[in-house]
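Note that these values count all heavy atoms, side chains included, but never hydrogens, waters or copies made by symmetry. Throughout, residue positions are numbered sequentially from 1 according to the sequence presented.
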Amino acid sequence: MKKFFMNHLSTIVLAVLLVGISLGSLFIGAVDLDITKIFSDEVQRIVFLDSRLPRLLAILCTGVGMSVAGLIMQQLCMNKFVSPTTGATIQSSQLGLVVAALIIPNATLWSFAAIAFVFAMGGTWIFVAFIQRVKFKDVIMVPLIGIMLGYVITGVTNFIAYSFDMTQQLSSWMTGNFSLIMTGRYEIVYLVVPMVILAIIFANYFNIVGMGKDFATNLGVKYNLVLFFGISISAMITASVVVIVGQISYIGLIIPNIIAMFKGDRIKGTITDTALLGALFVLVCDIIARTVTRPFEVPIEMIVGIVGSILYILTIIYRMKFGNKSVGLIVGKLKERRGAING
C-alpha cells in the first residue's frame with residue numbers, strides 16, 4: 001500500500017488539489033452563493049445548476065482535453081514544442097467555424113463542431129506533411145513551421161471574416177472565455193471524455209509510433225493508421241473546445257512538458273497527471289480571471305496567455321539546456337557530483 005502511494009503520489013496530490021479547488025470555484029462569481037440556500041432559494045439554485053456547475057464541467061473538460069491533445073501531438077510528431085497551438089490545429093478549427101457560419105448560418109452547434117473537426121484534421125495533416133519532409137528536424141524549427149502555417153490560416157480566416165462582415169462572430173472564437181457557458185450550450189465539450197479514454201487505451205501505440213516509422217513497422221504497428229487515429233483524437237478535442245469556449249493557447253504545449261520534466265516521456269505513465277494538471281491549470285486561471293476585476297471578469301485567454309508565455313520561455317530554456325532529461329535525473333547527477341567532490 002505504501003509503495004502504491006509513493007508511486008502515485010503526484011497523481012493523488014493533483015487529484016486532491018483539483019477536487020478542493022473545483023468545489024471552491026463553484027462559489028466564486030458576481031453572484032454570491034450560500035451553500036445552505038442553494039436548493040431552497042430559486043435564484044441561487046438557477047445560478048448554481050445552470051451556470052456555475054456547467055462552467056466547472058466545461059473548464060475541467062477543456063483542461064483535460066487540450067493537455068491530452070498536446071501530449072498526443074508531441075509524441076506523434078516527436079517534438080516537445082508541438083501542440084494544437086503550434087501545429088495549426090486551433091487556427092484550422094477557427095477557419096472551419098467561419099466557413100460554417102458563412103455557408104450554413106443557422107446550423108446547430110453540432111454541425112459547427114463537425115465542420116471545425118474536418119478543417120482541424122486538414123490543417124494538422126498539412127502541418128504533419130510539412131515536417132515529415134524536413135530532413136533536419138531541429139527542436140525549434142518544427143514548431144516554427146506550425147506557427148507560420150497557423151498565421152497563414154489565420155490570415156485567410158480574417159480575410160473571409162472581414163469580407164463578409166463576420167469579425168464580431170470570429171472574435172468569440174479567437175478569445176477563450178467561459179463567461180457564456182450555461183446549460184444547453186456547452187455539452188459538446190463532453191466529446192473530450194471518450195476521446196481521452198481512447199487516448200489512454202491506445203497510449204502504448206502512440207509511444208511506439210513516436211519512436212519512428214521504421215521502428216513501428218518492425219514491431220508490426222501500422223504507422224499511418226495510428227498516426228491518423230492520434231491526429232483525429234487531437235483534432236476532435238480541439239474542435240469541440242474551440243466551438244464552445246474559443247481559443248485557449250499554451251495548455252497543450254506547456255502542461256505535457258511540465259509533467260515530462262518530472263515523470264518522463266512515456267504516455268501511459270504521464271497521461272493521468274497531464275490531464276489532472278491541465279484541468280487544474282485552466283481552473284486556477286479561470287478563478288484569477290473571475291476575481292481580478294470582480295464583479296467583472298477578463299477573458300481566460302488573457303490570463304493563460306500571460307502565464308503560459310512565461311512558462312513556454314522557461315520550457316524552451318530547459319529543453320535547450322537539458323534536452324529530454326527529467327528533473328529527477330538532473331538532480332540525481334548533481335548529487336553524485338557533489339558527493340564525488342566532497343569525497
Peer 1: Can you check whether W125 reaches I231 side chain to side chain, under 4.5 Å on heavy atoms?
Peer 2: yes

Peer 1: In terms of hydrophobic clusters joined by side-chain contacts under 4.5 Å, are V47 and I35 together?
Peer 2: yes

Peer 1: Would one find more than 12 heavy atoms of other residues, nucleotides or ligands at under 6.0 Å from atom CZ of F130?
Peer 2: no

Peer 1: Is any side-chain heavy atom of I259 less than 4.5 Å from a side-chain heavy atom of I271?
Peer 2: no

Peer 1: Please table the atom pairs, donor to acceptor, closer than 3.5 Å between any side-chain atom in residues 15-31 and protein atoms at least two apart or in another chain.
Peer 2:
unit_1	atom_1	unit_2	atom_2	d
S22	OG	L18	O	2.5
S25	OG	S22	O	2.7

Peer 1: Quick one: pull up CG in L311 and CD1 in I306 and give me the separation to the nearest 0.5 Å.
Peer 2: 12.0 Å

Peer 1: Output the distance between atom CE (M302) and atom CG (N177), rounded to the nearest 0.5 Å.
Peer 2: 10.0 Å

Peer 1: Which is it for F206 and L71 under the side chain to side chain contact (heavy atoms under 4.5 Å, CB included) test, yes or no, and what are the steps along the way?
Peer 2: CA-CA 10 Å; F206 297 149; L71 177 64; over 6 Å; no

Peer 1: Identify the two heavy atoms, one from V64 and one from A279, that lie closest to each other, and give their separation to 0.1 Å.
Peer 2: CG2-CB, 3.8 Å

Peer 1: How close do Q91 and G150 get, heavy atom to heavy atom, and via which atoms?
Peer 2: CG-O, 3.6 Å

Peer 1: Can you name the closest pair of heavy atoms from D32 and Q44 and give their distance?
Peer 2: O-NE2, 3.7 Å

Peer 1: Do T124 and T89 meet the criterion of a side-chain donor-acceptor pair at a distance under 3.5 Å?
Peer 2: yes

Peer 1: Say whether L9 and L277 are linked into one hydrophobic cluster, either directly or through other cluster members, by side-chain heavy-atom distances under 4.5 angstrom.
Peer 2: yes

Peer 1: Which atom pair, heavy atoms only, marks the closest approach of F81 to T86?
Peer 2: O-OG1, 2.7 Å

Peer 1: Nearest 0.5 Å, what's the CD-CD1 distance between E187 and I181?
Peer 2: 9.0 Å

Peer 1: For the OH atom on Y223, are there more than 12 heavy atoms of other groups (residues, nucleotides or ligands in this structure) within a distance under 6.0 Å?
Peer 2: yes

Peer 1: Quick check: closest heavy atoms across V98 and A161, and the distance to 0.1 Å?
Peer 2: CG1-N, 4.4 Å

Peer 1: Would a hydrophobic clustering, with Ile, Leu, Val, Met, Phe, Trp and Tyr connected at side-chain separations under 4.5 Å, put L49 with L56?
Peer 2: yes

Peer 1: Nearest 0.5 Å, please: how far is CG in L149 from OG1 in T154?
Peer 2: 9.0 Å

Peer 1: Is any side-chain heavy atom of L253 closer than 4.5 Å to one of T85?
Peer 2: no

Peer 1: Between V128 and L227, is the side chain to side chain contact (heavy atoms under 4.5 Å, CB included) condition met? List the steps.
Peer 2: CA-CA 10 Å; V128 172; L227 185 63; 4.2 Å; yes

Peer 1: Check whether any side-chain heavy atom of F215 lies under 4.5 Å from a side-chain heavy atom of L219, and answer yes or no.
Peer 2: yes

Peer 1: Given side chains that start at C-beta, do those of L33 and F48 come closer than 4.5 Å, heavy atoms only?
Peer 2: yes

Peer 1: Under 3.5 Å, side chain of S67 to main-chain N/O of T274, donor-acceptor pair present?
Peer 2: yes

Peer 1: Can a donor-acceptor pair be found between the side chains of S10 and D273 at a distance below 3.5 Å?
Peer 2: yes

Peer 1: Quick one, D286 with R55, criterion salt bridge (charged side-chain N to carboxylate O under 4.0 Å, His left out). Give me CA distance, side-chain angles, the key distance, then yes/no.
Peer 2: CA-CA 10 Å; D286 182 69; R55 180 175 184 142; 2.8 Å; yes

Peer 1: Please table the atom pairs, donor to acceptor, closer than 3.5 Å between any side-chain atom in residues 244-252 and protein atoms at least two apart or in another chain.
Peer 2:
unit_1	atom_1	unit_2	atom_2	d
Q247	OE1	Q94	NE2	2.7
Q247	NE2	S249	OG	3.1
S249	OG	E301	OE2	3.0

Peer 1: Would a 4.5 Å heavy-atom cut-off, applied to side chains only, mark P54 and M182 as touching?
Peer 2: no

Peer 1: Quick check: is I131 connected to M211 through a chain of hydrophobic side chains (ILVMFWY, heavy atoms under 4.5 Å apart)?
Peer 2: yes

Peer 1: Can you give each donor-acceptor pair under 3.5 Å made by side-chain atoms of residues 99-119, sequence neighbours left out, with the distance rounded to 0.1 Å?
Peer 2:
unit_1	atom_1	unit_2	atom_2	d
T108	OG1	S111	N	3.3
T108	OG1	S111	OG	3.1

Peer 1: Could you go through residues 189-201 and list every donor-acceptor pair under 3.5 Å that involves a side-chain atom there, pairing it with any protein atom two or more places apart or in another chain?
Peer 2:
unit_1	atom_1	unit_2	atom_2	d
Y190	OH	Y186	OH	2.6

Peer 1: How about T315 and M261: do any of their side-chain heavy atoms sit closer than 4.5 Å?
Peer 2: yes

Peer 1: Taking all non-hydrogen atoms of both residues, which atom of P84 and which atom of G70 are closest, and how far apart?
Peer 2: CD-CA, 3.8 Å

Peer 1: Quick one: are L14 and L280 in side-chain contact, heavy atoms under 4.5 Å?
Peer 2: yes

Peer 1: Dump the intermediate steps for side chain to side chain contact (heavy atoms under 4.5 Å, CB included) on M73 and S234, then the final yes or no.
Peer 2: CA-CA 7 Å; M73 289 185 68; S234 297; 3.5 Å; yes

Peer 1: Please lay out, stage by stage, how F178 and I59 fare under the test side chain to side chain contact (heavy atoms under 4.5 Å, CB included).
Peer 2: CA-CA 8 Å; F178 289 102; I59 289 169; 3.8 Å; yes

Peer 1: Cluster question for you: counting only ILVMFWY and a side-chain heavy-atom cut-off of under 4.5 Å, with indirect links fine, are I90 and L144 together?
Peer 2: yes

Peer 1: Which residues pass the salt bridge (charged side-chain N to carboxylate O under 4.0 Å, His left out) test with R52, sequence neighbours left out?
Peer 2: none

Peer 1: How long is the gap from CE on M148 to CZ on F127, to the nearest 0.5 Å?
Peer 2: 10.0 Å

Peer 1: Can you list, by chain and residue number, the hydrophobic cluster partners of I317 when the side-chain cut-off is 4.5 Å?
Peer 2: I313

Peer 1: Give, for atom CD of Q74 and atom CD1 of I72, the distance between the pair rounded to the nearest 0.5 Å.
Peer 2: 10.5 Å

Peer 1: So with a 6.0 Å cut-off around NZ of K268, is the heavy-atom count from everything else above 12?
Peer 2: yes

